[in-house]
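Small disclaimer: the values here were computed from a predicted structure and weren't measured. Throughout, residue positions are numbered sequentially from 1 according to the sequence presented.
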Amino acid sequence: MREEEKILKGILFSPGEQELKKIKLRTHNLCSEYNRTFEDETEKRQAIISNIFHEIGENGRLQGPIYIHYGKHTEIGDHFFANFNLTIQDDARVVIGDHCNFGPNVTIVTPVHPMLPDERRAIMDKDGVPKHMCYAKPVKIGNDCWFGANVVVCPGVTIGDNCVIGAGSVVVKDIPSNSFAAGNPCKVIREITELDSMIHKPEILDDNRIIE
């Protein structure tokens with residue numbers, strides 16, 4: 001079995017294998033190229049991110065700089081925006097829905113390393129060769145989610161639709177749809193309802209109006 005197949009099956013793999021290093025080097029170089037572009041070089045930027053991700057939908061915008069590990073394991077929907085310093089360590093698959101907005105320094109991680117130090121150093125493969133190994137768990141983020149600054153999403157987490165994750169949160173467990181959640185570890189604070197509409201904040205809404 002190829003190392004990439006092991007990743008996607010959720011079993012131990014060796015991140016130092018040449019097959020994987022080749023994928024990561026290509027993606028890291030593309031990220032470096034993206035990070036050297038100017039903000040108004042929109043066509044050039046779009047061409048680069050189209051080559052980084054397995055899929056990215058319409059009207060995607062990444063402020064940059066960006067730091068993506070594999071890229072080909074990540075799918076992003078339409079109308080995505082990420083502010084400064086988006087990091088996605090997508091050893092396992094990462095799926096992000098439509099109309100998601102990320103604040104600065106959002107990080108999504110999928111790899112998991114052994115807890116015991118000797119096992120972190122090396123585990124014997126089937127041929128008796130000691131290798132540095134880890135495994136990975138996929139992350140799924142629904143539609144219409146807003147993440148505040150410095151949110152970290154940990155391996156294996158699913159976040160439902162219409163969620164708001166507060167700044168500085170570390171998400172270690174699934175978050176149901178329509179939730180406002182925050183903290184370290186991140187916990188659901190309450191359900192998001194129509195009472196959260198800007199209609200109920202006229203001093204902030206000012207002369208603007210809600211689209212019906």
Got a second to check how far [X]'s [atom1] is from [Y]'s [atom2], nearest 0.5 Å?
{"X": "F102", "Y": "I96", "atom1": "CZ", "atom2": "CD1", "value": "4.0 Å"}
{"X": "C100", "Y": "I76", "atom1": "SG", "atom2": "CD1", "value": "9.5 Å"}
{"X": "T87", "Y": "D90", "atom1": "OG1", "atom2": "CG", "value": "11.0 Å"}
{"X": "K187", "Y": "N184", "atom1": "NZ", "atom2": "CG", "value": "10.0 Å"}
{"X": "I48", "Y": "I66", "atom1": "CD1", "atom2": "CD1", "value": "8.0 Å"}
{"X": "F80", "Y": "N101", "atom1": "CZ", "atom2": "CG", "value": "8.0 Å"}

Salt bridge (charged side-chain N to carboxylate O under 4.0 Å, His left out): which pairs involve [range], sequence neighbours left out?
{"range": "residues 6-17", "answer": "E3-K6, E17-K131"}
{"range": "residues 135-150", "answer": "none"}
{"range": "residues 63-89", "answer": "E4-K72"}

[Y] and [X], any side-chain heavy atoms less than 4.5 Å apart:
{"X": "Q89", "Y": "P111", "result": "yes"}
{"X": "V170", "Y": "C186", "result": "no"}
{"X": "N85", "Y": "P104", "result": "no"}
{"X": "C154", "Y": "V171", "result": "no"}
{"X": "I7", "Y": "L20", "result": "yes"}
{"X": "F84", "Y": "V106", "result": "no"}

What pairs of residues pass the ring pair (Phe, Tyr, Trp, His ring centres under 6.0 Å) test when at least one of them lies in residues 57-77, not counting sequence neighbours? H28-H69, Y70-H73

Show your working on side chain to side chain contact (heavy atoms under 4.5 Å, CB included) between V109 and V153 and close with a plain yes or no. CA-CA 6 Å; V109 292; V153 181; over 6 Å; no

Extract all donor-acceptor atom pairs below 3.5 Å that involve side chains of residues 197-205 and protein atoms in other chains or at least two apart in sequence.
unit_1	atom_1	unit_2	atom_2	d
S197	OG	I199	N	3.1

In the hydrophobic cluster built from side-chain contacts under 4.5 Å, what are the other members alongside [X]?
{"X": "V164", "answer": "W146, F180, I189, I192"}
{"X": "M1", "answer": "I11"}
{"X": "M133", "answer": "L12, V112, I123, Y135"}

Distance-minimising heavy-atom pair for [X] and [Y]:
{"X": "C145", "Y": "G160", "answer": "SG-O, 3.1 Å"}
{"X": "P15", "Y": "H132", "answer": "CD-O, 3.4 Å"}
{"X": "P155", "Y": "V139", "answer": "CA-CG2, 4.3 Å"}

Can you name the salt bridge (charged side-chain N to carboxylate O under 4.0 Å, His left out) partners of R190, sequence neighbours left out? D196

Who are the salt bridge (charged side-chain N to carboxylate O under 4.0 Å, His left out) partners of E39, not counting sequence neighbours? R61

Main-chain N/O of [Y] paired to [X] side chain as donor or acceptor, under 3.5 Å:
{"X": "E41", "Y": "F38", "answer": "yes"}
{"X": "T37", "Y": "Y34", "answer": "yes"}
{"X": "D98", "Y": "N143", "answer": "no"}
{"X": "D125", "Y": "V129", "answer": "yes"}
{"X": "R93", "Y": "P138", "answer": "no"}
{"X": "D161", "Y": "G142", "answer": "no"}

Which pairs of donor and acceptor atoms, one on a side chain in residues 49-58, lie under 3.5 Å apart (sequence neighbours left out)?
unit_1	atom_1	unit_2	atom_2	d
S50	OG	Q46	O	2.8
N51	ND2	A47	O	3.2

Hydrophobic cluster membership, [X] vs [Y], 4.5 Å side-chain cutoff:
{"X": "I108", "Y": "V95", "value": "no"}
{"X": "F13", "Y": "I88", "value": "no"}
{"X": "L30", "Y": "L86", "value": "yes"}
{"X": "V152", "Y": "I141", "value": "no"}

Let me see the working for I175 and V188 under side chain to side chain contact (heavy atoms under 4.5 Å, CB included), right down to the final yes or no. CA-CA 7 Å; I175 303 295; V188 174; 4.2 Å; yes

Hey, could you give me each pair passing side chain to side chain donor-acceptor pair (under 3.5 Å) that has a residue in residues 168-179? Not counting sequence neighbours. N162-N178

Has D127 got more than 12 heavy atoms of other residues, nucleotides or ligands less than 6.0 Å from its CG? yes

Run E19 and R2 through side chain to side chain contact (heavy atoms under 4.5 Å, CB included) and show every step you take. CA-CA 8 Å; E19 169 197 352; R2 292 171 43 241; 3.0 Å; yes

